[in-house]
There are 2 protein chains.
Amino acid sequence: MSDIDLSERKKQILFQAVEDYIENANPITSGAMVSKSETTLSSATLRNELNTLEQMGYLKQLHTSSGRVPTTKGYRFFVNTIKDNCKADLEGLMKIKNVFETRTINLTELIKVVADKISEVTDYPTVVSLGGIDKLEILSIKIIPLMTYQALMLIETPRGLLNNTLELQQNFDEQSCIDAGRVLTNKFKSMTIGQMIDSIETKHQEILTELNEYAGFFEYVLQALVSLTKQYAKDGVYSKGATKLLKNPEYQNVEQAKDVLRLLEDKEELKTLIEEDSDGDIAFSIGDELNDDRLSECTIAKAHCKINGESIASVGIIGPKRMDYAKISGALKFIVDEFNKTDLLELNGDNKKGDKNG
Amino acid sequence: MSDIDLSERKKQILFQAVEDYIENANPITSGAMVSKSETTLSSATLRNELNTLEQMGYLKQLHTSSGRVPTTKGYRFFVNTIKDNCKADLEGLMKIKNVFETRTINLTELIKVVADKISEVTDYPTVVSLGGIDKLEILSIKIIPLMTYQALMLIETPRGLLNNTLELQQNFDEQSCIDAGRVLTNKFKSMTIGQMIDSIETKHQEILTELNEYAGFFEYVLQALVSLTKQYAKDGVYSKGATKLLKNPEYQNVEQAKDVLRLLEDKEELKTLIEEDSDGDIAFSIGDELNDDRLSECTIAKAHCKINGESIASVGIIGPKRMDYAKISGALKFIVDEFNKTDLLELNGDNKKGDKNG
DNA sequence: TGTTAGCACTCTCATTCTTTGAGTGCTAGC
DNA sequence: GCTAGCACTCAAAGAATGAGAGTGCTAACA
């Protein structure tokens with residue numbers, strides 16, 4: 001994948017060509033590059049170089065007498081080159097800083113705020129998916145009885161609240177619920193949600209005995225936990241700004257846009273697409289690299305927010321291959337950094353985290 | 001607004017013409033109507049009638065030698081005629097029946113389910129907005145302390161849960177929170193949320209004294225209540241299936257679709273649009289009747305779900321003027337009926353609602 | 001008086017042909 | 001190795017044409 005066979009001059013020409021194309025959406029022509037004084041070479045020499053770059057697979061012509069557009073390989077070269085050189089509207093993003101620091105915010109709320117802001121700043125459709133709630137640590141479990149034979153189950157995690165409704169067969173009084181919550185907290189505190197579910201499934205009988213007094217609850221809790229995971233698989237995806245796609249000239253034709261827009265409405269598909277692993281925290285999948293006909297003209301930029309090396313949430317930005325890579329790369333880097341920062345804060349002991357009362 | 005000046009024959013021709021156009025999107029021509037044996041008249045006679053209908057403002061020609069399409073007046077005639085004669089995929093809708101009966105479901109969850117289902121059944125973009133939470137009755141108020149100087153505030157209503165996070169200056173212990181919740185419940189139970197806010201604002205000092213022991217909380221609760229109303233103004237709108245608009249031939253041009261699609265992403269605008277009052281439970285606003293240039297080619301079908309005559313939630317279906325009025329009318333009627341049915345259930349005392357324990 | 005057959009007229013849409021010009025590749029000379 | 005110059009290519013836009021779908025109008029008929 002290295003571009004060793006490119007002379008320094010070719011690299012420079014190619015970079016400028018792609019940059020130009022990203023900005024203007026007009027095929028790259030020798031004349032235009034000369035008149036923009038992007039080079040001191042003559043248009044004829046440039047033509048030779050562009051011709052060679054085409055033969056090497058970085059560019060392609062739509063027809064004999066047209067300018068050239070980048071191929072996936074061309075974009076890939078460009079992305080690898082700008083990698084550490086990104087611009088972004090950081091000021092616009094600053095506003096979500098405090099959202100990361102507010103831990104009690106509902107997790108589905110959190111991903112909304114993040115997606116809204118990134119979509120606003122980048123001007124592309126943005127998807128955020130909550131991928132690994134099973135890796136979140138349990139801080140406390142609370143059960144709140146409601147009228148009508150139901151109760152609300154709350155799980156506090158360092159990243160925010162998870163909640164779910166429990167169906168009961170009888171009404172329990174408030175104190176029983178509080179006590180049950182306390183027992184469950186003592187039992188599962190410091191485990192991850194995944195570990196808790198594992199533990200419940202493997203040591204079912206053992207725990208049931210241990211929880212003895214609240215065994216009645218326990219059956220419902222188990223049930224609620226399973227459906228909670230399901231629930232978050234569905235609710236844990238939020239997409240914003242789909243129609244921003246239509247601003248781009250490549251989507252002036254409804255037929256072209258339809259497939260992508262429909263995908264942007266399909267939460268389940270989005271989830272698998274965005275959470276799919278990629279090397280590095282931030283990665284771009286360009287056109288055919290996505291192995292999906294509907295997306296052959298798209299690029300998806302992905303970032304994974306991790307705790308202890310495991311992905312908790314994934315952010316995806318979807319646009320045409322001709323997207324603003326530098327800006328997007330900057331925005332995603334900001335998010336990942338902020339996420340890691342609050343992560344550190346937490347490990348070192350956040351001074352706002354006072355005495356607990358569970 | 002009456003169509004008294006129309007002969008029976010003209011009414012029949014007009015109705016069939018509009019019905020045809022809604023189904024096929026092809027301008028109505030005398031030839032086509034004859035060959036579909038929708039009439040025993042000759043095409044020439046039909047042409048005379050269509051001509052008259054055009055002069056009366058029910059139809060219009062795009063150009064001299066083209067067929068005719070309905071005007072807003074034409075659609076309006078059609079809608080008024082089918083009013084009580086609607087077809088809908090009721091089986092598909094049946095599935096949401098139980099959602100209405102589950103009271104503890106989070107209200108923002110409820111509107112999602114409803115919008116998803118209606119959009120699926122009608123195949124049009126659907127918006128549901130929670131318009132009148134201030135008219136909901138308070139069943140109980142609960143405060144749940146969390147770590148990190150915050151608490152969760154829950155308000156139970158006959159329609160579902162409302163929740164919000166409270167910022168605290170100090171950590172309160174669990175028992176204080178429960179007690180405070182109980183006191184607040186006793187104080188505000190059976191009031192509507194609107195009455196509670198009123199009461200808090202006018203009798204601020206009085207209540208503060210009354211709540212004496214929990215006065216510390218009270219300031220935060222007030223704050224939380226205000227932001228709760230704001231929060232639901234923003235979160236209380238859910239839109240589904242925007243891209244379904246693109247299935248319709250009138251939106252094959254991106255420029256045409258853009259405005260409406262953008263509107264479908266703007267929650268605040270949607271809210272005002274959908275909640276706007278209309279006569280009757282179900283109403284259609286056709287094209288220019290909407291007084292909005294962006295929507296001049298759209299129809300919006302609205303339904304208001306009411307409790308004691310006041311609108312709590314509004315459902316809107318957005319499509320081209322050439323939308324399937326009968327199907328949509330049926331779907332909306334179903335929703336309104338179901339809503340009223342559970343309302344009644346509740347007034348008569350739901351047998352599932354057991355002894356309370358607040 | 002209402003209905004209809006027949007015909008002239010209109011206007012869009014698809015097709016074909018032409019022209020224009022932007023852009024390339026190649027070659028010969030610097 | 002670079003570049004001026006020229007022949008060549010091809011898409012895109014415009015003009016011309018014909019077909020056909022549909023109308024309005026008129027005159028004749030029941």
Side-chain angles (χ1 to χ4, degrees), chain A residues 5-14 16-18 20-21 23-71 74 249-250 252-253 256, chain B residues 5-14 16-18 20-21 23-71 74 249-250 252-253 256:
Chain A
D5 43 348
L6 287 177
S7 70
E8 209 39 58
R9 189 170 82 176
K10 283 203 179 57
K11 282 186 184 174
Q12 206 171 334
I13 291 172
L14 178 56
Q16 270 163 350
V18 179
D20 243 38
Y21 185 67
E23 196 177 331
N24 306 311
N26 294 324
I28 307 139
T29 69
S30 56
M33 286 192 77
V34 169
S35 69
K36 280 182 198 160
S37 53
E38 283 170 355
T39 172
T40 53
L41 301 173
S42 77
S43 71
T45 312
L46 216 45
R47 275 203 294 284
N48 282 329
E49 292 288 55
L50 293 172
N51 196 331
T52 318
L53 285 167
E54 174 163 9
Q55 273 155 34
M56 294 171 85
Y58 291 99
L59 300 171
K60 67 169 180 257
Q61 275 184 307
L62 303 171
H63 53 86
T64 334
S65 68
S66 81
R68 293 172 169 91
V69 297
T71 58
E250 29 275 272
Q252 282 320 289
N253 178 335
Q256 240 114 54
Chain B
D5 43 349
L6 286 178
S7 71
E8 210 39 60
R9 189 171 80 172
K10 281 201 182 59
K11 281 186 186 174
Q12 205 171 336
I13 291 173
L14 179 55
Q16 269 163 353
V18 179
D20 243 36
Y21 184 67
E23 196 177 330
N24 307 310
N26 294 325
I28 306 139
T29 69
S30 56
M33 286 191 78
V34 170
S35 68
K36 278 182 198 160
S37 53
E38 283 169 355
T39 173
T40 52
L41 301 173
S42 76
S43 69
T45 314
L46 215 44
R47 275 203 291 284
N48 282 331
E49 292 289 55
L50 292 174
N51 197 332
T52 319
L53 285 168
E54 174 163 9
Q55 273 155 37
M56 295 171 86
Y58 290 100
L59 300 172
K60 67 167 181 260
Q61 274 184 306
L62 303 172
H63 52 85
T64 336
S65 68
S66 81
R68 294 173 168 90
V69 296
T71 59
E250 30 275 274
Q252 283 318 292
N253 177 335
Q256 241 113 55

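Just so it is clear: chains get the letters A, B, ... in the order the sequence lines come, proteins before strands, and each one is counted from 1.
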Collect all protein-nucleotide pairs involving nucleotides 9-14 of chain C in which both atoms are nitrogen or oxygen and the distance is under 3.5 Å.
from: C/dT10; atom 1: O3'; to: B/Thr64; atom 2: OG1; distance (Å): 3.4
from: C/dT10; atom 1: O2; to: B/Ser65; atom 2: OG; distance (Å): 3.2
from: C/dC11; atom 1: OP1; to: B/Thr64; atom 2: OG1; distance (Å): 3.0
from: C/dC11; atom 1: O4'; to: B/Ser65; atom 2: OG; distance (Å): 3.2
from: C/dC11; atom 1: O2; to: B/Ser65; atom 2: OG; distance (Å): 3.3

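In this structure, B/Arg68 does not reach the D/dA21 phosphate: none of its side-chain N or O atoms is under 4.0 Å from OP1 or OP2. Between B/Ser30 and D/dT23, a side-chain N or O to OP1/OP2 separation shorter than 4.0 Å is present.
Remark: P of D/dA21 and CG of B/Asn24 are 17 Å apart, rounded to the nearest angstrom. Distance, A/Leu59 CG to C/dG25 P: 11 Å, rounded to whole Å. One can place CE of B/Met33 at 13 Å from P of D/dG22, the figure rounded to the nearest angstrom. Whole-Å rounding puts the B/Leu41 CG to C/dA5 P distance at 11 Å. D/dG1 atom P lies 17 Å from atom CD of A/Glu8, rounded to whole Å.
Annotation: side-chain hydrogen bond (donor to acceptor under 3.5 Å, both in side chains) contacts of B/Thr45 (sequence neighbours excluded): B/Ser42. By the side-chain hydrogen bond (donor to acceptor under 3.5 Å, both in side chains) test, A/Glu8 pairs with no residue at all, sequence neighbours left out. For B/Gln55, the side-chain hydrogen bond (donor to acceptor under 3.5 Å, both in side chains) partners two or more places apart in sequence, or in a different chain, are B/Asn51. Listed by chain and number, the residues in a side-chain hydrogen bond (donor to acceptor under 3.5 Å, both in side chains) with B/Glu54 are B/Arg68 (sequence neighbours excluded).
Side-chain N or O atoms of B/Thr71 include one that pairs as donor or acceptor with a backbone N or O of B/Gly57 at under 3.5 Å.
One finds the CE atom of B/Met33 at 9.0 Å from the CG atom of B/Leu41 (value rounded to the nearest 0.5 Å).
Between A/Ser66 and A/Gln61, the shortest heavy-atom distance links the atoms O-NE2, 3.0 Å. In plain terms, the two heavy atoms of A/Pro70 and A/Ile28 that are nearest each other are CD-CD1, 4.2 Å.
Residues B/Thr40 and A/Gly31 both approach DNA chain C. Their nearest nucleotides, taken by heavy-atom distance, put B/Thr40 toward the 5′ side.
Within 6.0 Å of CD in A/Gln252 there are more than 12 heavy atoms belonging to other residues, nucleotides or ligands.
Residue B/Ser43 is out of contact with every strand shown, counting any heavy-atom pair closer than 4.0 Å.
Of all the residues in residues 44-54 of chain A, A/Ala44, A/Thr45, A/Arg47, A/Asn48 reach under 4.0 Å from DNA chain D with at least one non-hydrogen atom.
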